Protein chains: 2
Amino acid sequence: MNIADYLPTLSIDSVLICFHNEELEVLLLRWKNSDFWSLPGGFIKKNEDVDQAARRILLERTGLKHLFLEQFQLFGKANRRDEKQLDELLKTINFPEDVTSWLEKPFYTLGFLALVRREEINACTDQFTDQCQWFPIQSLPSMIFDHPDIIAEAKKQLRRQVNYLPLGKSLLPDTFTMKSLQLLYEVLLNKKFDRANFHKKIHKLQVLIKTGTLSTGQSNKSPYLYRFDDKRYEQLMEEGIGYV
Amino acid sequence: MNIADYLPTLSIDSVLICFHNEELEVLLLRWKNSDFWSLPGGFIKKNEDVDQAARRILLERTGLKHLFLEQFQLFGKANRRDEKQLDELLKTINFPEDVTSWLEKPFYTLGFLALVRREEINACTDQFTDQCQWFPIQSLPSMIFDHPDIIAEAKKQLRRQVNYLPLGKSLLPDTFTMKSLQLLYEVLLNKKFDRANFHKKIHKLQVLIKTGTLSTGQSNKSPYLYRFDDKRYEQLMEEGIGYV
DNA sequence: TCAAAAGTGTTTCTTTTACACCCATGC
DNA sequence: GCATGGGTGTAAAAGAAACACTTTTGA
C-alpha cells in the first residue's frame, strides 16, 4: 500500500450482511494483537469514484465482483475515532512509519451497506487484521471506534428501505421456498406474518416463478421452489414492494 | 477564508427547499461574472463535525440557526466537476492564488437537504457569488458541475422519505389551513387527494390542534387554522406518517 | 392411517374511496 | 337568497387479518 496514492480525510467501511441460520449476520475482521473487531474497510485512491473504491475494497476482501452495494451515511463526527484506542491499536503492530502516520490522520468514513450470500463469500483478512468471522447482528463482539454505530445505522437503513432493497434476491439462494422468504422478512422486520396471507401477498406481486419442488425428506408435503422474475423484480424495486 | 483551516477532499452542498406559490422552490446563488448558478455550499474546518459544518455554512448564508437539515448522499464521482467549466469560472475572478489552487483540488461533496420557510430567510451571497434567488424546483436555470444531479437526488429523497420528514412543520407557517397542508402534500407527491378523505386521514393522526379561523374575505366559510401538536408530531416522525 | 407442514379458500373486519349533504360567508 | 368553498357523513369497494379446509409426504 503506497500511501501517496490515496486520498486523506475520507475512508470507507462496509457492513456486509447475509442471512444464515434464520438470522442476519455481519462480517467482521479482528485487529491484529487485539480483542477488537472492525468492519471491512479501506481508503480511496486519488481519482477514483467512491462507489468504485467500495467495490474494489470488497473485491479484495471477499472475491465478490457482483453484489448489492449502496452508500447509506457519512459518519462525520470529528472525534469519531477514539484517540487512545487508535494509539493502542497502532502500538501493537509494527507498521512502516508512513502507514502509521497515515492511519493517525483524521478520517470521516462513508458507510456502505452490502447484501451477500454467505456461501458465495471467501472472506480473508487484510494487512490490519488476522481473523475474519460472521456474527449474528444481535450479538456482536467488541468493536473499534464508532463501528457499533455504523452497524446500528445500517440496521435502521435496512428497515426503512425494506421496500426498495433487493433483499430476497441478494440474501436468498437462486431458488428458495416460500417459507424461507417469509422467514427472511420476519427477521428483517422483527414481526410474524400469517403464512396463508403471506402467500397471497407475494403471489399478488407476480414476482415468483415456480421451478420445482424441494424434497425435504420430512413426512409432509414438499414445498415448491421459486425463483424471482428478474424484470418484475426490478420494477418492484423502483415502485417499492409495499411491505411495512 | 484561511485555506489552512479547512480539510481537503470533502465539501458540502445544501439543497434548501421552501414551499411558496403552491410550488417547491430551491435557493441558488449565481457565480460571479457568469450565467451559472450553484447550490449554497462550503468547506469543512479541521476538527469540525460534518453536520456542524453544514449548519455553520447555512447560518452564514441565511441567518437561520434552527432548521431541518439532514445529509442525504455523498456525490463521489472522481470527475464530478467539469474541469473546463471550473477553469473558466476561476479565470473570471481574481481570487488570491491560494484560494484558486484550493478550489482546483478534487472534491467530493456531501449533499444536505434543508427544509425552510422562505419568509424566515435573509439569503445573502458568498465570496464566490453575486446574486441569490429562489427557483421553482420544476424550472431551474443552468447550474455548475453536478448540481442538477444533486437537486434531482434531493427530490427523490424528499419523495421516498416523505413519511419520515417534518415537511409540514418545516415548510408551513406556525398556523395553517387544512387546504394548505393538503396542497403541500399534493405538490410533494404529485398527486391529488380527495378533500374530505384528506381531512379524515389527518384528523385520525391526532396531530392537529385548532387555533381559530382564518378570515379570507371570500364569500364562503372561513377555514380553521391549525398548528401541530409537537409531542405527537415527533412521535409520528419516528413511526412514519404513512402517507404514500 | 396418521402427523406434520405446505398450499388454498372463506369469512370477517378494517380501511379506502367516491360522493352527497350541510354550514358559514359576502354579495 | 345564492354562489362559493369549507367541513362532515355515508355507502360501496377494496384490502387485510383470522382461521378453516385440503393436499402431499414419510413413517
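Note that the coordinates shown come from a computational prediction; the quantities given were computed from them, not determined experimentally. Below, chains carry the letters A, B, ... as their sequence lines are ordered, and counting in each starts from 1.
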Asks: Side chain of B:Asn220: nearest nucleotide among C:dA24, C:dA6, D:dA18?
Replies: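 For the B:Asn220 side chain, the nearest candidate turns out to be C:dA24.
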Asks: Which nucleotide in the list D:dT25, D:dG5, D:dA16 gets nearest to the side chain of A:Lys204?
Replies: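 Comparing D:dT25, D:dG5, D:dA16 against the side chain of A:Lys204, the answer is D:dA16.
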Asks: When the nearest nucleotide of DNA chain C is assigned to A:Met178 and to B:Ala196 on a heavy-atom basis, which residue is associated with the more 5' position?
Replies: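 Closest to the 5' end, via its nearest nucleotide, is A:Met178.
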Asks: Assign each of B:Pro223 and A:Asn197 to its nearest nucleotide of DNA chain D by heavy atoms, then name whichever residue's nucleotide is nearer the 5' end.
Replies: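 Result: B:Pro223.
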Asks: Flag the pair B:Phe112 / B:Glu70 as yes when at least one side-chain heavy-atom distance between them is below 4.5 Å, and no otherwise.
Replies: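 No, side chains not in contact.
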Asks: Would you indicate what B:Lys200 reaches in the nucleic acid, counting non-hydrogen atoms under 4.0 angstrom: base, sugar-phosphate, or nothing?
Replies: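 Touches a base.
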Asks: Applying the ring pair (Phe, Tyr, Trp, His ring centres under 6.0 Å) test to A:Trp37, which of A:Phe145, A:Trp134, A:Phe128, A:Phe135 qualifies?
Replies: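 When ring pair (Phe, Tyr, Trp, His ring centres under 6.0 Å) is applied between A:Trp37 and each of A:Phe145, A:Trp134, A:Phe128, A:Phe135, only A:Phe135 qualifies.
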Asks: Whole angstrom is fine here: how far is it from CG in B:Asp194 over to P in D:dT10?
Replies: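 Taking atom P of D:dT10 as the reference, CG of B:Asp194 is at 16 Å.
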Asks: Nearest to the side chain of B:Ser219 - C:dG7, C:dT25, C:dA18?
Replies: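 Closest nucleotide among those given: C:dT25.
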Asks: How many Å lie between CG on A:Leu225 and C1' on D:dT24, as a whole number?
Replies: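 After rounding, the gap between these two atoms is 15 Å.
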Asks: Can you establish whether the number of heavy atoms outside B:Glu186 located under 6.0 Å from its atom CD is more than 12?
Replies: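 Counting other residues, nucleotides and ligands, CD of B:Glu186 exceeds 12 neighbours.
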Asks: Quick one: on DNA chain D, does B:Lys179 or A:Gly217 contact a more 5' nucleotide (nearest heavy atom)?
Replies: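 Comparing both residues, the 5'-ward one is B:Lys179.
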Asks: Does the base of D:dG5 carry an N or O that pairs as donor and acceptor with the side chain of B:Arg195 under 3.5 Å?
Replies: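 When only heavy-atom distances are counted, B:Arg195 does not reach the base of D:dG5 through any donor-acceptor pair under 3.5 Å.
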Asks: Would you list the atom pairs, donor with acceptor, under 3.5 Å between side chains in residues 212-225 of chain B and any protein atom, with sequence neighbours excluded?
Replies:
unit_1: B:Thr216; atom_1: OG1; unit_2: B:Gln218; atom_2: N; d: 3.1

Asks: Write down the distance between CG (B:Leu181) and P (D:dG7), rounded to a whole number of angstrom.
Replies: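 Rounding to the nearest Å, CG of B:Leu181 and P of D:dG7 are 12 Å apart.
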